[in-house]
Amino acid sequence: MRRRSPLSSLPAMQFLQAKILSGALALLLAQSPPASEPAPDPPAPSHAAAPEAGGDLRATQDAERRWLAVLEAARASVRLSPRDGSARLRLAELYVERSNWNDARAELESALRLLPGGVDSLRAAHLHARALLAQGLRQRATRALSELSRRPGAPGGVLHDLALLLDEDRFHAEALVLEMEALEREPNDPVLLRQAAAFWKANERLDQAFRMLDRLARSGEADAEDHFQLGLMGHRLGDPVRALEAYGDCLRLDPEHPEACYNRALLLRERGDADASIASFERVLALRPRYEPTYFELGAYLIDLGRTREAQSVYERYLAAGSDSVALAEAGTILEQLRTGGNPWADPAADSLRRALGFGR
C-alpha cells in the first residue's frame, strides 16, 4: 500500500557572508518609510475587562487590584528616586505588560540615560526597540535592534526580533542566519528553537526543522503544536517511529488535535495496526465530522480489510455529513455496491478513488 501524504496544520542552504547580511539590513532600513511620532496611547484601563461568561469575577478583580498595587509601588519608587534607572526599568516593564507603549517608552528612555552598561541596560534597550516597533516606528526600531545586536552580551532575543523583521520584508535567508546566531547565544530558548524550525521548514530543509523541533521537544518546553510539527517533519522524512511518538505527545497535551489524529491513523495503518488506526480515524470524524477525506480513507481501509458492514456505516455517515456533490455521488455508488454485495470498486470513478487512496492492486 502506498504511503499517504500527512496532513499539515499548515534545497540545502549555506550560511551567507556577514557583508550580505549587513547589506540586507541596510536595504531594510532604506526601504522603511519614515514614521511620524504616533498619537499618545489611550490610558491603561483602571480595571479589568469583563470576564468571559462563567468566569470568576471576584478572582479577576482581585488580580487586577494586586497588579495596580504593584504599579503604584513602582511609581512611588520612581518618585522617591527619580534618578534610579532600575526603578524606571521596572515601571516600564509594567507598562509593557499592558501595552501602554507611550509611558513605557518614556520610562525606558529615562532608564537608558541613567543605567550603566550591563544586563539592565541591555534589557532596557531591547524593550525600547520593541516599543518603537509597537508604535509603528519601524525604521528606528530596526536601527536600534541592529545597533543593540553588536553590543557585547546582547541577548539572542534581539537577533530574533531582527530576524522577524527581515523575514517580513522577504529577506528569508538572512532571517534564518540571524535566527541561528540567536540560538548560538541562547541554545535552549524555546521561542528561538520554534522560530528556527519554522524558518528551516519555509526553506524546505525539513531535516533541519526536525532537528530544531527535536531539541525543543527534549527540552520539556514544547507545546502540543510543537510536537505535532515534529511528528509532521518525521512523517515527511520517513521516520514513522519518531513521528508516531511525536503525534502521541501532541495528543497527550491536546487530545482534540484532529490533524495529529489523522496523521497518526495513516501511520498506524501503514504499520498494520488496524484497530488502532480505525479508532484514530473515528476520532478525527468525531472532532471534525465535515472533514470529508477521512470518510473515504476509513471506508476504503475497512473494505480492504473485508469489514464491509463497518465500511457501509462509514459511507452512510458521509452521505449525511458531506457537501461535495461529486464525492457524494461516488460514495453513493460505493454504498449501493456494499448493500447489494457487489464490487464496491466496479465503477471507474470509484476505482480511481481507490487507487488514489493507495489501495490499488
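In this chain, residues are counted from 1 in sequence order.
Between the E292 side chain and the S323 main chain, a donor and an acceptor come within less than 3.5 Å of each other. With hydrogens and angles ignored, the 3.5 Å screen pairs no side-chain donor or acceptor of D169 with any backbone N or O of F171.
The existence of a salt bridge linking D214 and R211 is excluded, since no basic side-chain nitrogen approaches an acidic carboxylate oxygen closer than 4.0 Å. Checked for salt-bridge contact, R79 and E72 meet the test: a charged N lies under 4.0 Å from a carboxylate O. Taking 4.0 Å as the cut-off between side-chain N and carboxylate O, R123 and D120 do not count as a salt-bridged pair. The residues R194 and E179 are annotated as not salt-bridged, no charged nitrogen and carboxylate oxygen being separated by less than 4.0 angstrom. E245 and R218 are not joined by a salt bridge, as no carboxylate oxygen comes within less than 4.0 angstrom of a charged side-chain nitrogen. Salt bridge status for D275 with R307: present, with a side-chain N to carboxylate O gap under 4.0 Å. Residues E147 and R151 are not paired through a salt bridge, judged by the lack of any N-O separation under 4.0 Å between the basic side chain and the carboxylate.
Residues A260 and F228 approach most closely at N-CE1, 3.6 Å, considering heavy atoms. M212 and L193 get closest at one heavy-atom pair: CB-O, 3.8 Å. Of all non-hydrogen atoms in L251 and C261, the two that sit nearest each other are CD2-SG, 3.6 Å. Residue W200 comes nearest to A209 through the heavy atom pair CB-N, 3.6 Å, listed as atom of the first residue, atom of the second, then distance. Listed here is the closest heavy atom pair of G231 and A243: O-CB, 3.4 Å. Of all the heavy atoms in L122 and P152, the pair that sits closest is CD1-O, 3.9 Å.
Here the rule is side-chain contact (heavy atoms from CB on, under 4.5 Å) with H160, and of Q195, R185, E186 only Q195 fits it. With Y247 as the partner, the side-chain contact (heavy atoms from CB on, under 4.5 Å) test is satisfied by one option alone out of L267, L266, L230: L267.
Qualifying side-chain contact (heavy atoms from CB on, under 4.5 Å) partners for R317, counting only residues two or more places apart in sequence or in other chains: E282, L285, Y295, S313, V314. For the side-chain contact (heavy atoms from CB on, under 4.5 Å) test, residues two or more places apart in sequence or in another chain that qualify with A74 are L91, L94. The side chain to side chain donor-acceptor pair (under 3.5 Å) test applied to T333 returns no partner, not counting sequence neighbours.
Taken to the nearest 0.5 Å, the CG atom of L302 stands 4.5 Å off from the CD1 atom of I278.
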